[in-house]
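Numbers restart at 1 for each chain; the letters A, B, ... are given by sequence-line order, proteins then strands. All figures in this text were calculated on a predicted structure; none of them were measured in a lab. Reckoned from all heavy atoms, side chains included, excluding hydrogens, waters and symmetry mates.
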Protein chains: 2
Amino acid sequence: MYSRELLKGILKPIILKLLSDQSRMYGYEIVQEVKRLSGDKILIKEGSLYPTLHALAAEGYLSTESVMIGKRTRKYYKLTSDGKGQVQPALTELLDFAETLQVLFGPKLSTT
Amino acid sequence: MYSRELLKGILKPIILKLLSDQSRMYGYEIVQEVKRLSGDKILIKEGSLYPTLHALAAEGYLSTESVMIGKRTRKYYKLTSDGKGQVQPALTELLDFAETLQVLFGPKLSTT
DNA sequence: TATTGATACATCGTATTATGATGTATAGAT
DNA sequence: ATCTATACATCATAATACGATGTATCAATA
């Protein structure tokens, strides 16, 4: 796991990205998928995930659909068209940010 | 500039990295250097920088040296030996984090 | 059959941290 | 004179991930 603060600002983009790849996912599934994709390095906590999903829905970026699996409820989320419009800018920013981190923290270049 | 929250968790590591490359720097200089290295994408604000420098000093990772430049004070910071020990782990974490971001936000790979 | 771990949702208070606002002051340029 | 850059500082605020807590189903296993 990365230090807690490092994860700030990436949760909403992660959700947007996953839902642009998979069309619909439910909360627990998102946690597992991020865990898998990150090689167990990003473990989203329930206390972070559910409020964030609700926030994205309240912002109009996600719609929901509840499905009963046996006696258990499963709540699927998918991107609204507004939500789809958020994906590309978020990806661009995050990938750019990742590159900047590599410049900043990578080996020092000649002092030119 | 990146969204505000994205920068959380990177300020202390940035300072540690810069001071491991340059042996001593003062606050204003750090701001300029980060601006330069990031291609104007990371503009550290004074309200962030000075409290963070003080925090790192209080944690024992930085020592200070005040120099008068004309009538103006300039406060140099350098790594203590404790501080030097913080650099490598911070670099490792941040570079690893950057790679993870690229996996998460990069193009979707085959679903295997 | 009792217990544990995984699945699956939710809320709320807390901690952390970058920033805006504000303040002080020197110095060069227009 | 006025504006911009240099150079330090503090404090209240906002944003957000998380721990703690709660409810409940279901499969495995001791």
Side-chain angles (χ1 to χ4, degrees), chain A residues 1-16 24-36 38 40-59 62 64-77 90 94 97 100 104, chain B residues 1-16 24-36 38 40-59 62 64-77 90 94 97 100 104:
Chain A
M1 274 300 280
Y2 301 114
S3 79
R4 178 173 176 159
E5 294 302 325
L6 269 191
L7 300 180
K8 293 222 172 158
I10 73 168
L11 188 46
K12 281 185 181 179
I14 282 178
I15 293 169
L16 295 173
R24 73 171 207 177
M25 296 182 81
Y26 56 98
Y28 192 83
E29 187 183 17
I30 291 174
V31 172
Q32 302 307 318
E33 182 68 352
V34 171
K35 175 172 148 71
R36 187 182 73 81
S38 70
D40 293 1
K41 287 172 192 161
I42 298 183
L43 308 175
I44 301 174
K45 301 309 188 307
E46 295 166 295
S48 316
L49 179 73
Y50 293 112
T52 302
L53 285 171
H54 302 162
L56 285 170
E59 291 171 79
L62 302 183
T64 64
E65 184 190 355
S66 286
V67 175
M68 289 305 292
I69 303 293
K71 290 180 185 173
R72 229 178 353 214
T73 298
R74 181 180 289 178
K75 200 164 163 188
Y76 281 99
Y77 290 85
L94 266 291
F97 180 63
T100 299
L104 286 178
Chain B
M1 274 298 283
Y2 301 112
S3 79
R4 178 172 176 160
E5 294 301 326
L6 269 192
L7 301 179
K8 295 227 171 154
I10 73 167
L11 189 44
K12 281 185 181 180
I14 282 177
I15 292 168
L16 294 172
R24 73 172 205 177
M25 296 181 82
Y26 56 98
Y28 192 83
E29 188 183 16
I30 291 173
V31 172
Q32 302 308 318
E33 183 69 352
V34 171
K35 175 174 148 69
R36 186 181 75 81
S38 69
D40 293 2
K41 286 172 193 160
I42 297 182
L43 308 175
I44 300 174
K45 303 306 188 309
E46 294 165 296
S48 316
L49 179 72
Y50 294 112
T52 302
L53 285 170
H54 301 162
L56 284 169
E59 291 170 79
L62 302 183
T64 64
E65 183 190 354
S66 288
V67 176
M68 290 304 293
I69 303 293
K71 290 178 183 172
R72 232 181 348 220
T73 299
R74 181 179 289 176
K75 199 163 163 189
Y76 281 98
Y77 290 85
L94 266 291
F97 180 63
T100 298
L104 287 178

Value in whole Å for how far the [atom2] atom of [N] lies from [atom1] of [X]:
X       : N      : atom1 : atom2 : result
A:Tyr50 : D:dT16 : OH    : C1'   : 18 Å
A:Leu11 : C:dT16 : CG    : P     : 20 Å
A:Met68 : D:dA24 : CE    : C1'   : 11 Å
B:Lys45 : C:dT17 : NZ    : C1'   : 14 Å
A:Ile30 : C:dA8  : CD1   : P     : 12 Å
A:Ile42 : D:dC18 : CD1   : P     : 9 Å
B:Glu29 : D:dA5  : CD    : C1'   : 15 Å
A:Lys8  : C:dT16 : NZ    : P     : 10 Å

(message) Between the base of D:dC18 and the side chain of A:Glu46, is there a donor and acceptor pair under 3.5 angstrom?
(response)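 Between D:dC18 and A:Glu46, which were checked side chain against base, a qualifying N/O pair under 3.5 Å is absent.
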
(message) For A:Val34, is there any backbone N or O sitting under 3.5 Å from a side-chain donor or acceptor partner on A:Ser38?
(response)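 Answer holds: yes.
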
(message) Main chain of B:Ile44, side chain of B:Ser48: is a donor-acceptor contact present, judged purely on distance under 3.5 Å?
(response)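 Looks like no, no N/O pair under 3.5 Å.
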
(request) For the side chain of A:Pro51, starting at C-beta, report the closest nucleotide among C:dA10, C:dC12, D:dA9. (result)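 Closest nucleotide to the A:Pro51 side chain: C:dC12.
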
(message) Both B:Gln32 and B:Ser48 contact DNA chain D. Taking the nearest nucleotide for each, which residue is further toward the 5' end?
(response)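 Looking at DNA chain D, the more 5' nearest nucleotide goes with B:Gln32.
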
(message) Tell me whether the side-chain N/O atoms of A:Thr52 come closer than 4.0 Å to OP1 or OP2 in D:dA17.
(response)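 A:Thr52 to D:dA17 OP1/OP2: side-chain N or O found under 4.0 Å.
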
(request) Taking only the side-chain nitrogens and oxygens of B:Lys71, find out if one of them lies under 4.0 Å from OP1 or OP2 of D:dA7. (result)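 Negative; the distance criterion is not met.
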
(message) Heavy atoms only, 4.0 Å cut-off, all strands: where does A:Arg74 land among base, sugar-phosphate and nothing?
(response)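 If one applies the 4.0 Å heavy-atom cut-off, A:Arg74 turns out to touch the sugar-phosphate alone, with no base involved.
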
